[in-house]
Structures are given as C-alpha cells and as structure tokens.
Amino acid sequence: MTTERTARYGGGGAAARGEGAGGAVRGDGAGGAARGEGAGGGSRGEGAGAAVRGAGAGGGARGEGPGGAARAEGPAGAARGEGVGRAVPGAGLDALDHGILKVLHRDPRAPFAEVAAAVGAHERTVARRLERMTADGRVAFVAALVPEYQHEGVTAEIAVRCAPGRVHEVALTLAALDETRSVEVATGALDVFVELQAAGHDALLTLVDTVIGRLDGVVDIHSAVVLRLLLTASDWAPYDDEPTDVRRHAIEGTALPEPPLVDELDRRLVELLRRDARMSTTRLARELSVGETTARRRLARLTASHVLHLRLHADPAVLGYPVEARFRLGVPHRELDAAIRLLAREPALRHLVVTSGGTSLLGYSSHRDTRDFQEFTARVLARLEGVTSTETALLMRTYKRAGVAAVHG
C-alpha cells in the first residue's frame with residue numbers, strides 16, 4: 001500500500017495530497033466543510049440514499065449528539081436505541097463511488113442531478129449507488145448542533161479500566177448509553193475510551209459514579225473535561241486540499257466567530273435534518289409550517305456557521321484510511337498554542353481537544369497504514385516543543401462513532 005501524503009496545510013491552507021492506495025479521489029480547491037444551499041437553494045433530493053444515521057442533538061467532537069443511537073434507515077438499518085447499529089464492512093468502493101462521496105462530502109444536500117453532472121453518470125445510477133452505500137452502513141448523513149460551540153452542557157473524555165475478559169461486555173454496555181457519543185478500545189491497557197455529553201457537572205458525576213462505576217467488570221475510571229473543542233470529524237477532509245474554516249482558525253491561532261443564536265425553530269429544523277439530511281426545502285417548510293423562503297434562509301444561516309454539523313459520515317476505513325490512532329500529549333500552557341497550530345496543519349488529524357488534567361491535548365488521526373502512522377508520529381509529535389509526556393495507541397475496535405453504535409459479535 002502506498003504511503004499517505006505527508007504534505008501539510010500551510011498558513012493559507014493549500015497542501016498537495018497524494019492519492020495513494022484505496023482509490024480515494026482527491027478534491028481540488030476549497031471545500032472541506034459541509035456546504036449550505038447555494039443561490040436559490042432549490043429543493044434537494046429525497047430519493048434513494050437519503051438515509052440518515054442517528055446523531056442526537058448536541059453532537060460535537062467525534063460524535064454528533066449525546067445519544068444519537070443507531071436508527072433503522074431502510075432494509076439494512078439497525079435497531080433504534082439498543083446500542084447496536086450496523087457492522088462496517090470492507091470498503092469495496094470504486095472510482096464512481098468515491099466521486100459521488102467527494103461531491104456529497106462538500107455538499108451533503110447536493111441534488112442527484114448535480115452529483116451526476118460532476119461524476120459523469122446518470123442520476124438513477126448515482127441514486128442507486130448512494131442507496132447501496134447507505135443501506136449497508138458504509139455511508140450515512142449526520143446533522144446536529146454542536147453543544148461545545150453553544151456552550152451547552154459538559155463534554156467529557158472517560159477512560160474506563162476493565163478487568164481482564166470484560167472489555168467487550170463493558171464497551172457494548174457503554175455504547176448503549178444515550179449520553180455516549182463515541183466508544184472505542186485501543187492498544188495499551190485494558191481501557192474503554194468514551195466521549196460523552198452531560199447536562200452539567202452534577203449530571204457528569206452521577207453518570208460516572210452511579211452508572212459507569214457500577215458496571216460489572218469496571219475497576220477504575222479516569223475522567224477529563226473538554227475545555228476547548230478545536231477540530232472534529234467535520235474538519236477531516238480526505239477529498240479536499242483546503243482546510244475547513246474551523247481548521248483554518250486553528251492553524252492561524254484565531255478565535256472562531258461567535259455562533260448564531262439558535263431558537264426553537266432552528267432546533268426543529270435540525271431535528272428534521274437529523275431524520276433526513278437530504279429532505280427537500282419544500283418539505284422542510286411544510287413540516288415546520290413556515291414559508292419556503294424562511295426555511296431556506298434558516299438552513300443557510302445554520303450551515304454557514306460552525307454551530308451545525310451537517311455532513312457525510314463514513315468510517316475512515318471505508319475511505320481508505322483503516323489505521324486510526326489516539327494520542328494524548330502533556331503540553332505546558334506556554335507552548336499550547338504553538339502545538340495546536342502545528343497539529344492543525346496535519347490533514348491526518350480528525351479530532352483535537354484541550355482537556356483538563358495532566359495531559360492537556362487529546363487527538364485522533366487516520367492513516368493509510370501503520371507505516372504512515374509511524375511517519376506521522378516521527379514527523380509531527382517529535383517537532384512539538386516542551387512536550388512533557390506522549391501517549392499513543394492504535395484503535396483496535398470502535399463500538400460507537402458519531403452517536404451510532406456498531407455491531408460486534
């Protein structure tokens with residue numbers, strides 16, 4: 001397998017990417033973020049492939065909501081709310097599939113006619129291809145407001161130490177909790193790593209102590225609160241050469257603009273998008289009992305901001321990046337901003353937060369193979385100034401991602 005590109009986003013963002021193995025088609029120009037509706041914002045396709053996998057309100061970091069359990073979307077959908085969703089099969093995508101995903105990565109609501117014109121295929125072919133990829137769980141669409149950007153609730157990163165032989169059982173139980181957004185097991189100690197969203201610190205304590213702490217097989221728990229959300233899965237752009245606006249702010253060390261105020265109508269709109277991210281503007285207006293112009297304007301305002309994550313969702317392995325890594329770094333406060341800017345330039349980085357505790361940075365990255373990961377650690381982590389501790393691990397199994405639990409036997 002050819003190695004992953006090592007080019008980085010520069011100050012302006014443009015960095016060449018190698019195509020490598022896996023058949024992923026690279027994008028040209030800007031466009032890493034999910035795009036809002038263009039001029040005119042006409043009705044969007046609701047046909048085949050418009051399935052949406054769960055992502056309850058409040059998604060931020062890796063997940064899209066504190067409990068968006070897997071939902072049945074078609075013949076291959078998973079049971080709702082049981083913490084068990086779809087198994088992720090091998091990628092098996094061809095150049096046309098990747099071309100379709102490239103367009104939808106930039107604009108998840110792009111009509112089939114637009115996608116078909118971009119990839120040189122018939123609309124029905126595009127619809128069938130997307131329906132197939134969504135039905136078997138390889139691809140989904142998620143829509144959710146990001147609580148971290150709205151300063152709502154508390155996001156926590158939890159390491160749950162398990163007794164030998166109990167990791168799988170504990171992970172399945174944690175994936176079934178509405179509050180968890182991601183659950184995974186990595187190399188190293190017998191820990192299950194969890195990201196969760198709680199209403200406040202009291203709710204977090206109750207969840208950690210009386211819920212997680214009482215599970216059979218749990219022997220220890222370590223918690224850290226997310227103090228600053230820097231990058232999310234929405235900022236990982238495997239099909240594009242330009243960083244998203246959020247990543248660009250992280251690279252430049254500048255603050256994000258204040259998010260727009262979100263009212264009840266906005267939340268109802270997002271809930272409809274959560275059910276079907278490709279619902280037409282006409283139907284959105286009808287469901288909201290507002291004019292189509294109002295629905296279009298509200299949607300454009302939310303999609304133009306970083307407060308709404310409306311995106312194509314797929315496991316990195318499906319897109320040709322089967323090696324996922326997790327790292328924690330101890331960085332003194334005086335070196336923190338420089339470390340963030342350096343890390344944000346790396347296209348492989350798909351999640352980055354500042355947390356409480358002795359290790360102040362937590363990140364996730366995706367790679368073509370283990371050699372690429374090794375080169376990433378040598379090239380990037382070794383360049384960070386003042387790092388007092390480094391802990392890296394490879395993910396062995398993901399039980400829940402973006403609020404959607406995966407099937408494991």
May I ask you to test the [X]-[Y] pair for a side-chain heavy-atom distance under 4.5 Å?
X	Y	value
Ser234	Val246	no
Met396	Thr187	yes
Leu174	Ile212	yes
Val139	Leu101	yes
Phe141	Leu312	yes
Tyr399	Val185	yes
Leu284	Leu273	yes
Val192	Val183	yes

Donor-acceptor contact present, side-chain [X] to main-chain [Y], <3.5 Å:
X	Y	result
Thr134	Leu130	yes
Asp107	Leu104	no
Lys400	Leu177	yes
Thr388	Gly330	yes
Arg368	Gly320	yes
His367	Asp369	no
Thr281	Arg296	no
Arg268	Leu288	yes
Arg109	Met279	yes
Gln197	Glu152	yes

Taking all non-hydrogen atoms of both residues, which atom of [X] and which atom of [Y] are closest, and how far apart?
X	Y	result
Leu302	Ser305	O-OG, 2.9 Å
Gln150	Val307	CG-CG2, 3.3 Å
His105	Pro238	NE2-CD, 4.0 Å
Leu310	Ala143	CD1-CB, 3.6 Å
Ala344	Leu231	CA-CD1, 4.2 Å
Arg278	Pro108	NH1-O, 2.9 Å

Among Leu269, Asp266, Val270, Thr294, find the residue that satisfies the side-chain contact (heavy atoms from CB on, under 4.5 Å) test when tested with Leu299.
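Exactly one option meets the side-chain contact (heavy atoms from CB on, under 4.5 Å) with Leu299, and it is Leu269.
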Which residues satisfy the side chain to side chain contact (heavy atoms under 4.5 Å, CB included) test with [X], sequence neighbours excluded?
X	value
Val218	Val160, Val170, Leu215, Ile221
Ala118	Val103
Leu384	Leu329, Ala339, Leu342, Leu343, Leu381, Val387
Arg341	Asp337, Ala338, Arg345

Would you please test Arg350 and Glu324 for salt bridge (Lys or Arg N to Asp or Glu O under 4.0 Å) and show each step?
CA-CA 10 Å; Arg350 63 177 178 82; Glu324 298 183 72; 2.3 Å; yes
Please, which pairs that meet salt bridge (Lys or Arg N to Asp or Glu O under 4.0 Å) have at least one residue in residues 160-176, sequence neighbours excluded?
Arg161-Asp191, Arg166-Glu169
I need the [X] [atom1] to [Y] [atom2] distance, nearest 0.5 Å.
X	Y	atom1	atom2	value
Trp236	Arg247	CH2	CZ	10.5 Å
Leu352	Leu229	CG	CG	9.0 Å
Ser223	Ile158	OG	CD1	4.5 Å
Tyr239	Lys102	OH	NZ	10.0 Å
Glu157	Leu362	CD	CG	5.0 Å

Residues in side-chain hydrogen bond (donor to acceptor under 3.5 Å, both in side chains) contact with [X], at least two apart in sequence or another chain:
X	answer
Asp216	none
Thr254	His249
Arg129	Asp94, Asp97
Arg326	Tyr364

I need the full list of side chain to side chain donor-acceptor pair (under 3.5 Å) pairs touching residues 353-363, with sequence neighbours left out, sorted by first then second residue.
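Those involving residues 353-363 are Arg328-Thr355, Arg328-Thr359.
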Parallel, tilted or perpendicular: which describes the rings of Phe327 and Phe376, with under 30° parallel and over 60° perpendicular?
tilted
Stepwise salt bridge (Lys or Arg N to Asp or Glu O under 4.0 Å) test for Glu148 and Arg228:
CA-CA 8 Å; Glu148 290 91 336; Arg228 186 177 170 194; over 6 Å; no
Between Arg267 and Glu264, does any NZ, NE, NH1 or NH2 come within less than 4.0 Å of an OD or OE carboxylate oxygen?
no
When you check the gap from the basic side-chain N to the acidic O, do Arg401 and Asp315 get nearer than 4.0 Å?
yes
Which is it for Glu131 and Arg128 under the salt bridge (Lys or Arg N to Asp or Glu O under 4.0 Å) test, yes or no, and what are the steps along the way?
CA-CA 5 Å; Glu131 181 178 33; Arg128 285 196 300 268; over 6 Å; no
Residue pairs fulfilling ring pair (Phe, Tyr, Trp, His ring centres under 6.0 Å) with at least one residue in residues 254-297, sequence neighbours excluded:
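Matches after skipping sequence neighbours: none remain.
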Residues which pass ring-ring contact (aromatic ring centres under 6.0 Å, His included) with His306, listed by chain and number, not counting sequence neighbours
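Partners of His306 under the ring-ring contact (aromatic ring centres under 6.0 Å, His included) test: Tyr149.
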